[in-house]
Amino acid sequence: MKKIYANATEALDGLLRDDMLIAAGGFGLCGIPELLLEAIKDSGVKNLTFASNNAGVDDFGIGILLQTGQVSKMMSSYVGENDEFMRQYLSGELEIEFNPQGTLAERMRAGGCGIPGFYTKTGVGTQVAEGKEHKDFNGETYIMEEGIFADLSIVKAWKADETGNCIFRKTARNFNPPAAMCGKVCVMEVEEIVPVGTLDPDHIHLPGIYVHRLIQGEHEKRIEQRTVRQKEGA
Amino acid sequence: MKKIYANATEALDGLLRDDMLIAAGGFGLCGIPELLLEAIKDSGVKNLTFASNNAGVDDFGIGILLQTGQVSKMMSSYVGENDEFMRQYLSGELEIEFNPQGTLAERMRAGGCGIPGFYTKTGVGTQVAEGKEHKDFNGETYIMEEGIFADLSIVKAWKADETGNCIFRKTARNFNPPAAMCGKVCVMEVEEIVPVGTLDPDHIHLPGIYVHRLIQGEHEKRIEQRTVRQKEGA
Amino acid sequence: MPWDRNQMAERAAQELEDGMYVNLGIGIPTLVANYVGDKDITLQSENGMLGMGPFPFEGEEDPDLINAGKQTITEMDRTAYFDSAQSFGMIRGGKIAAAILGAMEVAENGDLANWMIPGKLVKGMGGAMDLVAGVGRVIVVMDHTNKHGVSKLLKECTLPLTGAGVVDRIITNLGVLDVVEGGLKIVETAPDVSEDDLRAATEATLV
Amino acid sequence: MPWDRNQMAERAAQELEDGMYVNLGIGIPTLVANYVGDKDITLQSENGMLGMGPFPFEGEEDPDLINAGKQTITEMDRTAYFDSAQSFGMIRGGKIAAAILGAMEVAENGDLANWMIPGKLVKGMGGAMDLVAGVGRVIVVMDHTNKHGVSKLLKECTLPLTGAGVVDRIITNLGVLDVVEGGLKIVETAPDVSEDDLRAATEATLV
């Protein structure tokens with residue numbers, strides 16, 4: 001079971017093609033697979049659809065693939081931080097399918113769990129519900145949302161062992177587990193690969209079964225909104 | 001936020017009534033809420049429906065409530081370890097709704113996540129599919145299963161802090177998280193209540209938001225099938 | 001005198017009870033945390049955290065620890081982290097007692113619009129649709145009128161909805177109103193604001 | 001000579017490839033673990049564990065560590081625990097490469113019956129329906145005939161199904177058969193078992 005690759009480019013070798021659907025972890029710039037996104041940019045693959053909560057900022061995260069015009073569609077809940085995104089969207093170059101954040105997360109998890117559809121109250125009576133099947137349960141109306149089955153998952157964890165068992169750190173977990181689950185193949189980048197047996201089996205956030213390829217690398221981990229408070233008396 | 005109660009009887013005070021639906025954690029006799037089951041027996045409440053993977057053995061777990069005739073229906077995947085169960089079932093005293101194990105777990109999670117229905121391939125073409133809605137996705141047939149919304153959840157964890165943040169130990173986790181999530185009220189028993197701040201926030205298996213009442217107690221933790229191997233050369 | 005932003009937040013904090021798990025939106029709702037006093041409130045950040053603490057001290061920012069507004073924050077003794085599917089599972093499943101959030105428009109039937117102005121910048125709904133559909137109680141905190149003096153409490157929303165019939169209570173600079181059968185009901189007015197003042201500033205039916 | 005239980009398990013182990021995550025059922029399938037040799041196989045126990053180890057030494061049994069047959073087991077360096085919803089999420093989601101399980105009957109179209117004999121003791125399907133519906137490859141290991149000498153490889157199952165059209169390969173004491181278009185195809189026979197012997201013991205259409 002050889003899962004460890006030398007770098008992002010090698011880890012993606014043979015997995016990329018035009019027109020594919022990629023599920024990416026991360027929330028804002030927190031916990032994003034920055035090394036894999038860079039390698040996807042370098043690969044030149046195009047017409048990509050991304051299922052990702054956000055689209056990064058202009059020069060980081062998925063934003064770098066918008067700059068190069070490699071993305072044709074986003075499935076996201078919020079893209080407000082990205083000017084280039086807005087320009088492409090308003091000019092019709094880029095398609096967007098807005099998903100409520102929880103619906104997007106659950107659609108990814110559903111895909112990973114073999115569930116092609118589920119019912120939710122989220123979005124009933126809004127634009128999000130248009131064209132979707134409606135069904136009543138106990139007198140309340142729900143809409144059906146479909147599982148996302150991605151061609152590829154790219155995610156970022158904190159530490160993983162050599163079998164891909166991994167742990168995330170604080171709110172950098174976010175969309176990474178559901179995104180990892182819903183891809184036919186999942187490539188993960190981590191800050192540190194540790195020997196098997198290092199991680200407590202009760203602390204694993206995502207078992208290695210979901211992780212097909214693994215790389216370790218240096219992460220910039222850019223902060224999007226640096227907010228602080230003053231020490232009292234300072 | 002006062003969640004800690006002195007014992008199982010006090011923790012269940014005001015929550016029990018005849019004809020209610022209780023979701024219980026545990027797999028076999030592993031990770032079952034043994035103290036709460038004992039208190040439910042003592043309460044004399046009757047006509048209970050249990051959503052629980054198993055029904056315990058004759059004198060332990062849910063089995064003790066079968067002995068007293070307090071259970072009228074089980075929603076389970078496997079009940080093979082319980083003779084009294086079989087007797088009541090074959091005589092018509094006890095109703096059983098067989099659920100595939102994963103369907104049962106997912107139905108509990110769905111109920112806890114506000115999902116009233118989802119589609120699965122499990123059980124298509126079998127007795128389990130009879131009377132259920134069928135729907136095709138991408139040329140494959142799935143059936144709809146409904147979320148379980150229980151009146152009460154009873155679960156067992158290893159350690160919890162005073163706010164109910166808790167961790168499970170090894171395979172005693174099993175059905176406990178999904179069972180905890182699907183009840184209007186969740187009562188949890190643990191081996192040890194620890195001060196807030198003791199558990200690493202990254203290691204919490206089930207956040208305290210799901211836990212309304214909490215007790216600490218001694219657990220028998222009976223082993224159902226003691227299997228061992230010989231030391232080599234012994 | 002109408003309430004200012006902090007007074008609206010202070011009034012909103014009165015809605016919270018000991019032991020509640022609460023989600024606070026961006027803007028005035030964020031200020032509510034300053035007024036919970038001794039009440040034991042646990043704040044959820046929908047990107048995957050219960051027990052959200054204050055902003056970090058300078059130099060202690062952690063890129064792995066942000067809130068739903070992407071701001072650096074801190075953890076507390078009671079903090080628990082989880083993934084986005086779990087986070088919205090607890091929202092959709094009704095485990096969060098209340099959400100306090102801002103709005104562009106609220107209609108008298110409880111419809112809420114706060115995510116999109118057609119033809120203008122479209123940023124997305126984020127977690128707002130999930131929150132208003134799932135939490136136990138939806139409390140809107142917003143100015144009573146827009147910058148042109150036009151009522152934001154309407155007979156019908158004109159903007160695309162975030163949720164239909166989801167609002168329970170509205171706290172504005174002029175007072176507190178509940179969504180009830182037939183329209184909105186005045187619960188309370190700000191000091192020196194009369195019911196007539198409030199009626200005059202409201203398009204929605206008041207019952 | 002037909003294969004014995006251990007030989008069937010040994011043959012089944014040949015189905016497993018390096019790096020696979022596999023679920024083994026109760027009975028003969030459990031023995032397969034003894035024959036994986038140097039192959040890097042990770043065993044799932046559907047009650048919430050990947051990386052299932054052997055039985056514990058006497059005195060080291062842990063009531064919190066059991067397999068899906070409720071037997072005490074041990075963990076390994078690579079072990080990860082998770083809850084039942086996650087466990088069956090990975091099963092239903094096709095993450096488990098193969099399941100090796102026993103059966104009462106298999107039909108020539110891949111139908112499988114192994115959970116219930118009407119009128120007799122009803123124990124429940126446990127995780128079997130989820131496994132056969134979800135895993136990548138379903139391999140049945142069973143005796144070719146029942147104790148009365150009647151074929152368990154049938155034109156149609158007579159017992160209630162565990163799954164419809166789910167079986168990929170069948171390993172019996174007489175040989176190995178694949179479910180293909182139109183019926184079962186003999187892949188291999190046990191030593192000194194002829195194809196005619198196997199045909200004679202089989203009710204299902206052989207193609």
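Since we're looking at a predicted model, the values are computed, not measured. Letters go in sequence order (proteins before strands), and every chain restarts at 1.
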Given a strict heavy-atom distance threshold of 4.5 Å, which part of [X] is in contact with chain B: side chain, backbone, both, or neither?
X	result
D/N67	backbone
D/Q86	neither
D/T79	neither
D/L65	both

Which distance, rounded to the nearest 0.5 Å, do you find between the CE of B/M108 and the CG of D/D83?
-> 11.0 Å
Flag this pair as yes if the NZ/CZ of B/R229 is under 6.0 angstrom from the six-membered ring centre of D/F57 and inside a 45 degree cone about the axis; otherwise no.
-> yes
Under 4.5 Å from any heavy atom of chain D, what part of [X] do you find: side chain, backbone, both or neither?
X	value
B/N99	backbone
B/Y89	side chain
B/V79	both

Over all atoms of both residues, closest heavy-atom pair of [X] and [Y]:
X	Y	answer
B/Q127	D/W115	OE1-CZ2, 3.9 Å
B/T171	D/N47	CB-ND2, 3.7 Å
B/G125	D/A164	CA-CB, 4.2 Å
B/T227	D/P56	O-CD, 3.2 Å
B/Q225	D/K70	CB-O, 3.1 Å
B/G102	D/R92	O-NH2, 3.1 Å

Could B/R169 and D/D64 be called an ion pair, given the rule that one side-chain N must be under 4.0 Å from one carboxylate O?
->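 Yes, B/R169 and D/D64 are salt-bridged.
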